Amino acid sequence: MSSDLGQPDRNLALELVRVTEAAALAAATLVGKGDKIAADQAAVDAMHIVLKTVRMDGVVVIGEGEKDEAPMLHNGEHIGDGSDPKVDIAVDPLEGTTLTAKGMPSALSVIALSPRGTMFDPGPCVYMEKMAGGPELVGVLDLDKSLTENIGLVAEAKRKNIRDVVAIVLDRPRHQEGIEEIRAAGGRVRLISDGDVSAAMLAASENAPVDLLWGVGGTPEGVIAAAALKCLGGGMIARLWPRNDEERQAAIAGGYDLEAQMTQDVLVTGDDCFFSATGVTDGDVLQGVRYRGRGASTESLVTRSRTGTIRRIHARHNRDKLAEYTGERYG
């Protein structure tokens with residue numbers, strides 16, 4: 001894409017990995033400390049510091065809340081050095097705050113970026129129903145069909161016995177009926193306490209131990225997952241899920257179609273989005289931050305939808321040198 005149009009003409013994902021590495025390193029100092037708010041704030045602060053140095057004119061579409069509720073990386077915030085390209089940004093500095101506080105697996109720092117005006121703004125809707133999986137499931141999944149039918153479609157598309165189909169699902173009371181239906185259909189369920197971006201990435205991974213992500217989760221996480229799946233070649237469908245009548249009416253007044261099914265290409269339009277994720281704690285998708293002396297190591301997944309290139313980046317960091325420009329966050 002031409003930079004004359006203010007669109008990305010370089011692989012910004014290779015710059016974004018510095019952003020997720022910084023957030024992961026900061027949050028990792030609080031793994032197992034029992035304070036999810038402090039861990040999240042550490043990740044936000046570190047991500048903000050590095051984002052300011054990236055050559056872009058970015059607007060946060062999916063951030064840490066509204067301006068009055070979050071000290072940094074709030075929705076609508078302008079970020080970057082102000083130069084082209086003009087881009088939308090979705091961030092989750094710490095996906096899995098509770099996982100981090102408890103020292104549990106699969107906490108990540110993630111960021112997605114796409115040309116300006118191409119990232120879905122969920123408006124008043126906090127939740128959406130989602131299904132996601134690997135390349136075999138692109139165009140296969142359908143929220144208007146029952147879970148029983150979808151499990152059958154997954155088995156057919158992936159050429160496996162239905163008893164070998166595994167759905168990964170957030171362990172929430174609202175999912176109990178669906179979990180029972182998946183099991184009754186012959187499938188299996190892997191329950192997770194948090195982290196449906198990580199779960200969507202896992203479902204789309206090659207040789208993954210799960211076949212399908214299903215459930216009602218956050219709309220911000222849904223948009224970020226859509227960007228990841230576009231880059232990984234996976235498929236996703238989602239539909240807004242108002243929590244109550246007030247939220248439903250607000251969405252309708254805002255012009256949102258509550259019956260529409262949105263694919264990853266609707267949630268993030270265009271063909272040039274970027275995604276980076278760095279592990280905070282060990283998980284199926286990425287290794288977490290490891291410490292040795294005054295050094296630390298990270299593993300990141302970095303990809304761009306236009307090329308389809310997927311990179312795993314293992315990096316070693318000198319914590320003393322990092323602290324010189326980030327303060328004591330990495331100490």
Side-chain angles (χ1 to χ4, degrees), residues 20 23 27 36-37 39-41 43-44 47 60-66 69-70 73-77 88-101 104 106-114 119-133 143 167-175 178 191-204 212-230 234 236-244 246-248 250-251 254 256 258 260-264 266-268 273 275 277 280 283 285:
T20 55
K36 67 178 185 178
I37 295 175
D40 189 42
Q41 189 63 61
V44 170
M47 184 172 274
V60 178
V61 176
I62 303 292
E64 288 288 286
E66 299 302 326
E69 297 175 3
L73 295 175
H74 57 78
N75 296 346
E77 182 176 354
D88 289 343
I89 299 171
V91 297
D92 195 344
L94 183 57
E95 196 216 18
T97 56
T98 299
L99 299 176
T100 302
M104 296 172 67
S106 299
L108 301 174
S109 172
V110 296
I111 186 168
L113 181 153
S114 63
M119 199 169 280
F120 179 73
D121 182 346
C125 291
V126 176
Y127 286 101
M128 57 170 54
E129 184 180 8
K130 316 165 193 175
M131 284 186 179
L143 290 172
I168 189 166
V169 182
L170 283 170
D171 189 3
R172 302 287 187 272
R174 63 179 176 266
H175 293 150
L191 293 173
I192 55 171
S193 63
D194 297 278
D196 61 353
V197 174
S198 174
M201 292 170 63
L202 180 61
L212 173 73
L213 164 72
W214 170 76
V216 174
T219 49
E221 291 82 359
V223 175
I224 294 171
L229 290 164
K230 278 180 72 81
M236 178 178 185
I237 54 170
R239 182 157 51 201
L240 296 174
W241 194 83
R243 293 172 296 174
N244 50 48
E246 181 181 357
E247 196 167 286
R248 175 178 293 277
Y256 290 89
L258 299 180
Q261 295 193 56
M262 297 174 285
T263 68
Q264 69 280 355
V266 173
L267 293 168
V268 182
C273 70
F275 178 80
V280 177
V285 178

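Because only heavy atoms are used, hydrogens play no part in the values below, and waters and symmetry mates are left out as well, while side chains stay in. Remember, it's a predicted structure, so these values are computed and weren't measured experimentally.
- For the residue pair Cys125 and Leu240, the shortest heavy atom distance occurs at CB-CD2, 3.9 Å.
- For Arg174, there are no side-chain hydrogen bond (donor to acceptor under 3.5 Å, both in side chains) partners, not counting sequence neighbours.
- The distance from the CG atom of Asp121 to the OG1 atom of Thr219 is 9.0 Å, given to the nearest 0.5 Å.
- Side-chain N or O atoms of Gln41 include none that pairs as donor or acceptor with a backbone N or O of Ile37 at under 3.5 Å.
- Not a single side-chain hydrogen bond (donor to acceptor under 3.5 Å, both in side chains) links Asp40 to another residue, sequence neighbours left out.
- For the atom pair CE of Met128 and CD of Gln261, the computed distance is 12.0 Å after rounding to the nearest 0.5 Å.
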Checklist entry - Step by step, would you call Ile89 with Ile111 a side chain to side chain contact (heavy atoms under 4.5 Å, CB included)? => result CA-CA 7 Å; Ile89 299 171; Ile111 186 168; 4.0 Å; yes

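- Note that the CD atom of Glu221 and the CD1 atom of Ile62 stand 9.0 Å from one another [nearest 0.5 Å].
- Closest approach of Ala43 and Ala27 over heavy atoms only: CB-CB, 4.1 Å.
- Taking every heavy atom of both residues into account, Leu213 and Ala199 meet most closely at CD1-CB, 3.9 Å.
- Atom CD1 in Ile224 sits 11.5 Å away from atom CG in Leu267 (nearest 0.5 Å).
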Next on the checklist: Let's go through Ile237 and Lys130 carefully: what are the C-alpha distance in whole Å and the side-chain angles of both, what is the deciding distance for side chain to side chain contact (heavy atoms under 4.5 Å, CB included) to 0.1 Å, and is it a yes or a no?
Outcome noted: CA-CA 6 Å; Ile237 54 170; Lys130 316 165 193 175; over 6 Å; no

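- Here the closest non-hydrogen pair linking Ala112 and Phe275 is CB-CD1, 4.2 Å.
- Using a 4.0 Å cut-off between charged nitrogen and carboxylate oxygen, Arg172 and Asp194 count as a salt-bridge pair.
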Checklist entry - Arg243 and Val126: side chain to side chain contact (heavy atoms under 4.5 Å, CB included), yes or no, with the steps? => result CA-CA 8 Å; Arg243 293 172 296 174; Val126 176; 3.3 Å; yes

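- Contact of the Ile192 side chain with the Ile168 side chain is registered, since non-hydrogen atoms from C-beta on lie closer than 4.5 Å.
- No side-chain heavy atom of Ser193 sits less than 4.5 Å from a side-chain heavy atom of Thr98.
- Counting only heavy atoms from C-beta outward, the side chains of His175 and Val216 approach each other to under 4.5 Å.
- By the 4.5 Å heavy-atom criterion applied to side chains, Asp88 and Leu113 are not counted as neighbours.
- Once rounded to the nearest 0.5 Å, the distance linking CD of Glu129 with CH2 of Trp241 reads 9.0 Å.
- In this structure, the separation between CG on Leu143 and CE on Met131 is 5.5 Å, given to the nearest 0.5 Å.
- At a threshold of 4.5 Å between non-hydrogen side-chain atoms, the residues Thr100 and Lys36 do not count as touching.
- Remark: side-chain polar atoms of Tyr256 are paired, donor with acceptor, to backbone N or O of Gly123 under 3.5 angstrom.
- Annotation: side chain of Pro220 is not in contact with side chain of Asp92 (no heavy-atom distance under 4.5 Å).
- Contact record, Ala107 with Leu94: CB-CD1, 4.4 Å, taken as the closest heavy-atom pair.
- Closest approach of Leu229 to Gly133, counting heavy atoms only: CD2-O, 4.0 Å.
- Surrounding CZ of Phe120 are more than 12 heavy atoms belonging to other residues, nucleotides or ligands, all under 6.0 Å away.
- Every residue meeting the side-chain hydrogen bond (donor to acceptor under 3.5 Å, both in side chains) condition with Arg239, not counting sequence neighbours, appears here in chain and number order: Asp144.
- Considering only heavy atoms from C-beta on, Lys230 stays 4.5 Å or farther from Met236 through its side chain.
- Between Val223 and Met119, some side-chain heavy-atom pair lies under the 4.5 Å cut-off.
- Side chain of Glu95 to backbone of Asp196: a donor-acceptor contact under 3.5 angstrom is found.
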